[in-house]
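I have a structure here, written as structure tokens, and I will follow up with some questions on it.
Numbering of ligands and ligand atoms starts at 1, following listing order. Treat the numbers as computed from the prediction; the structure is a model and nothing was measured.
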Amino acid sequence: MKTVLTTSPEKAAEFIKCGGIVAFPTETVYGLGANVFNEKAVAEIFEAKRRPTDNPLIAHITNRKQISELVIDVSLKAGLLIGRFFPGPLTLVLKKTKRVPLISTAGLDTVGIRMPGNKLAQEFLLACDVPVVAPSANLSGRPSPTTWQAVAEDLDGRIDCILQGEATEIGLESTVVDCTSDVPILLRPGSISLDELRSVVPETISYVANEDISPRSPGMKHTHYSPQARVVVVENPCLLSLSALTGKAAYIGLTSPETQSLPLPVLTRVCDSVEEYAHALFEFFRECDRLGIATIYCEKVPEAGIGAALMDRLRRAAEGEKIGHD
Ligand code: TXA
Ligand code: MG
């Protein structure tokens, strides 16, 4: 299949209306979208990404009216979170309506909903005129794409269209909160932190993985965000020189690595803030793979604000080789 590149949200939306699959930018990462109600198109998303079918998709909306097409009941607490954070990088999991096909939710009776704040995403979704389910637009197991070029690297020839926008503003995927019970549960950390959620709904808790029960957010059991290189999280980049560096190494963090370390990292990115680090991470991973880097050293950051989401992604990437790719 030939993948059409366009900067026109209306042209991209035409593919959705005809049952196609389209990659589009959001403020977090690029998504790969299909009409939520079109089972055949949704099945194609799983195929194009090689995504395990037990991993549910997020439905993206442009207005509050679409919420009632997707979910049966918006609790008071969910309503408060919607009021404060929609549009934005927040996904709420709620009980789905019968209309939402099970393929979109991987057989669950719940659905994740999110209203992106990115202007081009909003124009695209408005032109689609239906909610659009979209996972991140990467091959399953690879880092999420933050540029349209990264989408093309993974999916060119496998999808109908790429809506070309800017590099995404945040660079990490949305915060996911389960609102199906009385106490909202943070399932995936993102740029909206637990503290920010608690400033609106103080009871909100963080999900603690328990190996005995199946994960609340099925996606969390799959390997994510992994480059081919080995990822090592380091407390202090000055200690790099002590590590047995074999093969080509790269470094990303907030402080400059010790220059005496040998061999020197072939690629070094020193960021001015945790936000910049989060924004740069996935593209840095991809660049390392392009250069055939063997080991990527990533500096640890405090788990405050987006730092919690960044550490979550770093830990997952570092664990990748142990868990195996999906
Ligand atoms: O920022 C984002 O959320 C991006 C952009 C494109 O919106 N999308 C994204 O989608 O990251 P994906 O499919 O890569 O990750 C969705 C996550 C997975 O961990 C999935 O298990 C979880 O959300 N999720 C989706 N629906 C769910 C549901 N009904 N119940 C529990 N978890 C759900
Ligand atoms: Mg993903």
> With Lys77, which residues qualify under side-chain contact (heavy atoms from CB on, under 4.5 Å), at least two apart?
Replying inline: Ser75, Asp182, Pro184, Val201, Glu203
>> Regarding atom 8 (N) of ligand 1: of the candidates Gly31, Gly190, Ser174, Ala134, which has the closest heavy atom?
In response: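 Among Gly31, Gly190, Ser174, Ala134, the closest heavy atom to atom 8 (N) of ligand 1 belongs to Ala134.
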>> Please tell me whether Leu80 and Ile113 are part of a single hydrophobic cluster in this structure, the criterion being side-chain heavy atoms less than 4.5 Å apart.
In response: yes
>> Closer than 4.0 Å to some heavy atom of Thr28 - which atoms of ligand 1 meet that?
In response: 1 (O), 2 (C), 4 (C), 5 (C)
> With a cut-off of 4.0 Å, which atoms of ligand 1 are near a heavy atom of Thr110?
Replying inline: 28 (C), 29 (N), 30 (N)
>> I'd like to know whether ligand 1 has Lys96 as a neighbour, heavy-atom separation below 4.0 Å.
In response: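 False for this residue.
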> Leu57 near ligand 1, heavy-atom distance under 4.0 Å?
Replying inline: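 Under 4.0 Å: yes for Leu57.
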> Does Lys119 come within less than 4.0 Å of Glu123, counting only side-chain N to carboxylate O?
Replying inline: yes
> Which atoms of ligand 1 have any heavy atom of Pro135 under 4.0 Å away?
Replying inline: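 Checking each atom against Pro135, I get 10 (O), 12 (P), 13 (O).
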> Is a salt bridge present between Asp154 and Arg142, judged by a nitrogen-to-oxygen distance below 4.0 Å?
Replying inline: yes
> Which atoms of ligand 1 are found less than 4.0 Å from any heavy atom of Leu108?
Replying inline: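 It comes down to these atoms of ligand 1: 28 (C), 29 (N), 30 (N).
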>> Can you confirm whether more than 12 heavy atoms, excluding those of Glu166, are under 6.0 Å from its CD atom?
In response: no
> Thinking salt bridges, do Glu287 and Arg290 make one under a 4.0 Å N-O criterion?
Replying inline: yes
> Strictly under 6.0 Å, is that where the ring centroids of Tyr251 and Tyr297 end up?
Replying inline: no
> Glu173 heavy atoms, cut-off 4.0 Å: which ligand 1 atoms fall inside?
Replying inline: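 With Glu173 as reference, the close atoms of ligand 1 come out as 1 (O), 2 (C), 11 (O).
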> Going by the atom numbers of ligand 1, which of them fall below 4.0 Å from some non-hydrogen atom of Arg188?
Replying inline: 2 (C), 3 (O), 9 (C), 11 (O), 15 (O), 16 (C), 17 (C)
> Should the proximity of Glu27 to ligand 1, defined as any heavy atom under 4.0 Å, be assigned to the side chain, the backbone, both, or neither?
Replying inline: neither
> Looking at His60, which atoms of ligand 1 are within less than 4.0 Å of one of its heavy atoms?
Replying inline: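 Answer for ligand 1: 5 (C), 6 (C), 7 (O).
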> Phe86 ring centre to Arg64 NZ or CZ under 6.0 Å, with the angle to the axis within 45°?
Replying inline: no
> Which is closest to atom 14 (O) of ligand 1 by heavy-atom distance: Ser136, Ala121, Pro56, Ser191?
Replying inline: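 It is Ser136 whose heavy atom sits nearest to atom 14 (O) of ligand 1.
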>> Below 3.5 Å, N or O to N or O, backbone or side chain included: is there any such pair between Arg114 and ligand 1?
In response: yes
> Can you find an N or O of Arg51 that's nearer than 3.5 Å to an N or O of ligand 1?
Replying inline: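 Right, the criterion is met.
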> Which of the atoms in ligand 1, numbered in the order shown and given with their element, are less than 4.0 Å from a heavy-atom of Asn55?
Replying inline: 18 (C), 20 (C), 21 (O)
>> Any salt bridge linking Arg269 with Glu299? Criterion: basic side-chain nitrogen under 4.0 Å from a carboxylate oxygen.
In response: no
> So does Asn138 have any N/O/S atom less than 2.8 Å away from the Mg ion (ligand 2)?
Replying inline: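 No, since none of the N, O or S atoms of Asn138 sits under 2.8 Å from the Mg ion (ligand 2).
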>> Applying side chain to side chain donor-acceptor pair (under 3.5 Å) to Arg188 and Ser174, what does each step give before you reach the verdict?
In response: CA-CA 8 Å; Arg188 179 175 73 180; Ser174 63; 3.3 Å; yes
